[in-house]
Amino acid sequence: MDKIFSRALAPKIFVNREVLRPDYIPEQLPHREEQIKSLGMIVSVALQGERPSNLFIYGLTGTGKTAVVKYVLKRLSDKSLEFNRPVKWFYINTRIDNTSYRVFTRIGELSGLKLPFTGLSTAEVYKRVRDFLDSEKRIYIVVLDELDFLARNESDEVLYKLARINEDLTKAKVGIIGITNNIRFVENLDARVRSSLGEEEMVFPPYNAIQLEDILRERAKLAFKENSVSEEAIKICAALAAREHGDARRALDLLRIAGEIAEREQAEKVLEEHVYKAYDELEKERVIQLVSTLPFHSRIVLLSLLKMESEGVNVTTGELYMVYREISQKLGIDPVTQRRVSDIISELEALGILSARVVNRGRYGKTRILKITVNPSTLIEIFIQDPLIRDYVERELENLLTTELQDSYNTQTIDL
DNA sequence: CTTCCACCGGAAGTACCGGTAA
DNA sequence: TTACCGGTACTTCCGGTGGAAG
């Protein structure tokens with residue numbers, strides 16, 4: 001124990017792992033200069049006592065939307081204090097505060113208003129918050145992050161009320177910034193809301209591998225001891241994350257986990273191998289998450305494919321369906337139709353669990369050739385947990401339960 | 001050039017479930 | 001408490017298709 005604890009007290013690699021966490025806002029945001037500038041221009045009018053234009057921000061996960069907004073608004077409010085032109089901003093994540101009631105209570109809470117957490121109607125909460133905000137001449141900026149997590153009618157209600165709140169205010173003014181991952185989100189928004197909130201728009205493009213490298217290097221300086229991350233490790237983190245739509249959050253996760261693995265192994269340095277291990281770990285988590293929420297028949301389809309692959313053949317839809325029926329019968333379940341299985345295959349493909357390549361074999365028809373693209377041993381682990389499937393797996397797939405497959409599926413090295 | 005395989009994938013409809021408004 | 005709504009999982013029916021074989 002003593003050894004373990006003293007090791008924890010004297011970490012060999014990390015200085016501060018917090019800077020690799022997704023909610024950390026760094027002092028530098030590489031490759032977002034442009035967005036910072038235009039957001040800065042939009043909100044700067046607040047310093048003159050004007051309401052900034054309402055704004056919608058789009059961009060995939062890990063493109064720095066939240067970071068840029070927090071970064072700019074933090075500096076704005078600092079500046080406003082300096083010049084005694086009070087600007088206050090509220091950050092609200094609608095994944096957590098996912099009803100209009102909670103959004104308004106949160107605004108109240110953040111502005112220092114005491115509210116009973118229950119017993120009031122939404123309208124009453126709105127009224128109290130509004131009056132409280134209006135008690136002073138001030139500019140407020142409300143940031144609503146992950147808007148797509150609000151239910152459709154909820155988002156209409158919140159945004160509509162917020163958009164019109166200025167009509168009821170005499171002293172204060174409120175500007176709104178809405179952030180969403182989903183470009184289509186705005187399409188199915190109430191038309192009135194859309195027009196009043198979409199005064200300005202910004203799009204955050206994904207990062208490419210080189211930009212990700214810069215971001216990682218910047219953070220690695222703060223997170224790790226000097227010279228304890230190899231250049232290759234960073235490059236691979238960036239390349240792996242760039243491969244999936246340039247998600248900086250993912251790149252940072254990879255680097256953090258790789259660091260933790262390196263630390264656990266008591267290595268001197270974070271190396272390529274640690275990144276690959278981290279990748280496998282994250283990938284495994286993802287697969288478990290995905291497969292465990294899959295509908296029952298989808299799992300059986302996957303199980304069928306697994307069985308066939310273990311027998312080593314090119315699997316087509318038709319053959320898969322045969323095996324699927326066979327397994328269903330053994331398990332005593334009603335099979336679904338081939339049409340449905342065809343859709344299930346497409347769904348699994350979209351989730352990245354398998355690949356389906358359409359081939360034309362002329363006289364012998366047109367079909368899809370199926371391949372599992374995740375580690376089969378992870379799948380088996382999951383299937384073993386399922387009481388209905390478990391027996392079957394133990395009986396029919398015992399050859400897969402051995403370790404022979406385990407290592408043959410490691411991440412293929414990527415070409416830098 | 002035609003045929004024809006083994007599917008693909010669109011359209012429309014049913015059954016069921018969980019959540020919400022009345 | 002109940003009627004209603006929207007989403008998901010699934011059917012049934014069927015027209016469409018690229019290219020090897022004839």
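Given the structure is predicted, the values throughout are model-derived calculations rather than measurements. Residue numbering restarts at 1 for every chain, and letters A, B, ... go by the order of the sequence lines.
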Requested in this report: Give the B/S/- string for nucleotides 7-18 of chain B, one per nucleotide from 5' to 3', where a protein heavy atom under 4.0 Å of the base yields B, of only the sugar-phosphate yields S, and otherwise -.
Outcome: SSBB--------

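Scanning for side chain to side chain donor-acceptor pair (under 3.5 Å) contacts around E34(A) gives an empty result, with sequence neighbours left out. Among residues two or more places apart in sequence or in another chain, the ring-ring contact (aromatic ring centres under 6.0 Å, His included) test is passed with F14(A) by F224(A). Remark: D78(A) pairs with K74(A) by the side chain to side chain donor-acceptor pair (under 3.5 Å) rule, at least two apart or across chains. In terms of the side chain to side chain contact (heavy atoms under 4.5 Å, CB included) criterion, residue partners of K88(A) (sequence neighbours excluded) are, by chain and number, F90(A), R138(A), Y140(A).
Side-chain contact, T170(A) with D134(A): a donor N or O sits under 3.5 Å from an acceptor N or O.
One interatomic measurement links the two molecules: OH of Y364(A) to C1' of dG22(C), which rounds to 11 Å at whole-angstrom precision. Spacing between atom OH of Y324(A) and atom C1' of dC10(C) amounts to 10 Å, rounded to whole angstrom units. Per the geometry, OH belonging to Y101(A) stands 16 Å off P belonging to dT20(B), to the nearest Å. To the nearest angstrom, P of dC10(C) lies 5 Å from CZ of R340(A).
For residues 288-301 of chain A, proximity to DNA chain C is found at P295(A), H297(A), defined as any non-hydrogen atom under 4.0 angstrom from a strand atom.
Residue T337(A) places at least one side-chain N or O under 4.0 Å from the OP1 or OP2 atom of dT11(C).
Every pair passing salt bridge (Lys or Arg N to Asp or Glu O under 4.0 Å) that includes a residue from residues 93-102 of chain A is listed here, sequence neighbours excluded: R95(A)-E146(A), D97(A)-R106(A). Note on residues 281-297 of chain A: pairs passing salt bridge (Lys or Arg N to Asp or Glu O under 4.0 Å), not counting sequence neighbours, are E283(A)-R286(A), K284(A)-E381(A). Among residue pairs with one or both ends in residues 335-345 of chain A, those qualifying as salt bridge (Lys or Arg N to Asp or Glu O under 4.0 Å) are R339(A)-D343(A), R340(A)-E347(A); sequence neighbours excluded.
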